[in-house]
Amino acid sequence: MNIVLLGAPGAGKGTQAEKLVDAFDIAHISTGNILRASVKAGTPLGLEAKSFMDAGELVPDSVVIGLVKERLKEEDAERGFILDGFPRTATQAVALASELEELGRNIDYAIAVEVSPEVIIERLCSRRLCKACGYIGSKGDEACPLCAGEMCQRDDDNPDIVRNRLDVYTKSTAPLIDYYRGADLLIEIDGIQSPEDVFKSIKKAMKA
Ligand code: AMP
């Protein structure tokens, strides 16, 4: 099972990706997580990506495409994968299609989780992340319910940066919904439901 997850920042892609990974035993490929880990580790990739991420801008296509190509070749992705936060531009979508063709693989579904901009801003500004395990929680969480790690706010989850990330999404990423609709791979899901109900809707649409 190979899945592309589309949706604005804060639509709930990360949460649904984790549920899909558990359900289908496939690899979770989140470009945002890979980039954040690289920034934290101070690698050359992280150093290159940091200023774009801090500003809520997209990291250049060539950088992100290169890292996804490498990640797709790792062993755990052979069983299937879920791409969370990639592709985000038409160039990335075309590069993904040609890389998959070369690997003799294909996308089964492109799942778009849809949430209004007002809800996104509210969600992102109150989102908190566990520093240790990456659990996604919210403002009131004092400690991570999974590992008791310290909760923090992502640097790019502040109101000004969030607005820019939404603009970037509307301009560069939202057009991919039509791209995948045209390829007859699109599933559209109402993201303004509980995470459990969003997941039920996804499974129903996939007939899984
Ligand atoms: P995310 O965690 O998916 O919201 O990504 C956080 C940030 O990482 C984004 O605001 C971008 O700066 C960068 N990023 C993640 N995925 C991509 C991508 N596919 N293309 C370009 N930049 C990305």
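Keep in mind that the numbers below use all heavy atoms, side chains included, and drop hydrogens, waters and symmetry copies. First listed ligand is number 1; within each ligand, the first listed atom is number 1.
With Asp108 contributing its side chain and Asn2 its backbone, the two residues share a donor-acceptor pair below 3.5 Å. For the pair Arg154 (side chain) and Leu129 (backbone), a donor-acceptor distance under 3.5 Å is absent. With hydrogens and angles disregarded, no donor-acceptor distance shorter than 3.5 Å links the side chain of Glu150 to the backbone of Ala132.
For ligand 1, the atoms closer than 4.0 angstrom to any heavy atom of Arg154 are 1 (P), 2 (O), 4 (O), 6 (C). Taking a cut-off of under 4.0 Å to the non-hydrogen atoms of Val64, the atoms of ligand 1 that pass are 18 (C), 19 (N), 20 (N), 21 (C). Those atoms of ligand 1 that come under 4.0 Å of a heavy atom in Thr31, given as number and element, are 15 (C), 16 (N), 17 (C), 19 (N). Within ligand 1, counting atoms from 1 as listed, the ones closer than 4.0 Å to a heavy atom of Arg165 are 4 (O).
Side-chain contact between Ile111 and Met206: present, with at least one pair of heavy atoms (C-beta onward) separated by less than 4.5 Å. When side chains are defined from C-beta on, Leu72 does not count as touching Arg105, because their heavy atoms never get closer than 4.5 Å.
At least one N or O atom of Gln92, backbone or side chain, sits closer than 3.5 Å to an N or O atom of ligand 1. Of the N or O atoms in Arg88, one or more lie within a sub-3.5 Å distance of an N or O in ligand 1. Polar contact with ligand 1: absent for Pro87 (N/O pair, distance under 3.5 Å).
Counting heavy atoms closer than 4.0 Å to ligand 1, residue Glu57 contributes backbone atoms (N, CA, C, O) but none from C-beta onward. Both the backbone and the side chain of Leu58 come within contact range of ligand 1, each with a heavy atom under 4.0 Å. Neither the backbone nor the side chain of Lys50 has a heavy atom within less than 4.0 Å of ligand 1.
Residues Tyr179 and Val64 share a hydrophobic cluster, clusters being chains of Ile/Leu/Val/Met/Phe/Trp/Tyr side chains in contact below 4.5 Å.
Counting protein heavy atoms only, atom 22 (N) of ligand 1 is closest to Val59 N, 3.1 Å. Remark: minimum distance from atom 13 (C) of ligand 1 to any protein heavy atom is reached at Leu35 CD1, 3.6 Å. Looking only at protein heavy atoms, the nearest one to atom 7 (C) of ligand 1 is Met53 CE, 4.0 Å.
A salt bridge is absent between Arg128 and Asp141; no separation between the charged side-chain nitrogens and carboxylate oxygens falls under 4.0 Å. Lys19 and Asp22 are not joined by a salt bridge, as no carboxylate oxygen comes within less than 4.0 angstrom of a charged side-chain nitrogen.
The neighbour count for Gln153 CD, taken as heavy atoms of other residues, nucleotides or ligands under 6.0 Å away, is above 12.
Under a 4.0 angstrom heavy-atom cut-off, Arg36 registers as being in contact with ligand 1.
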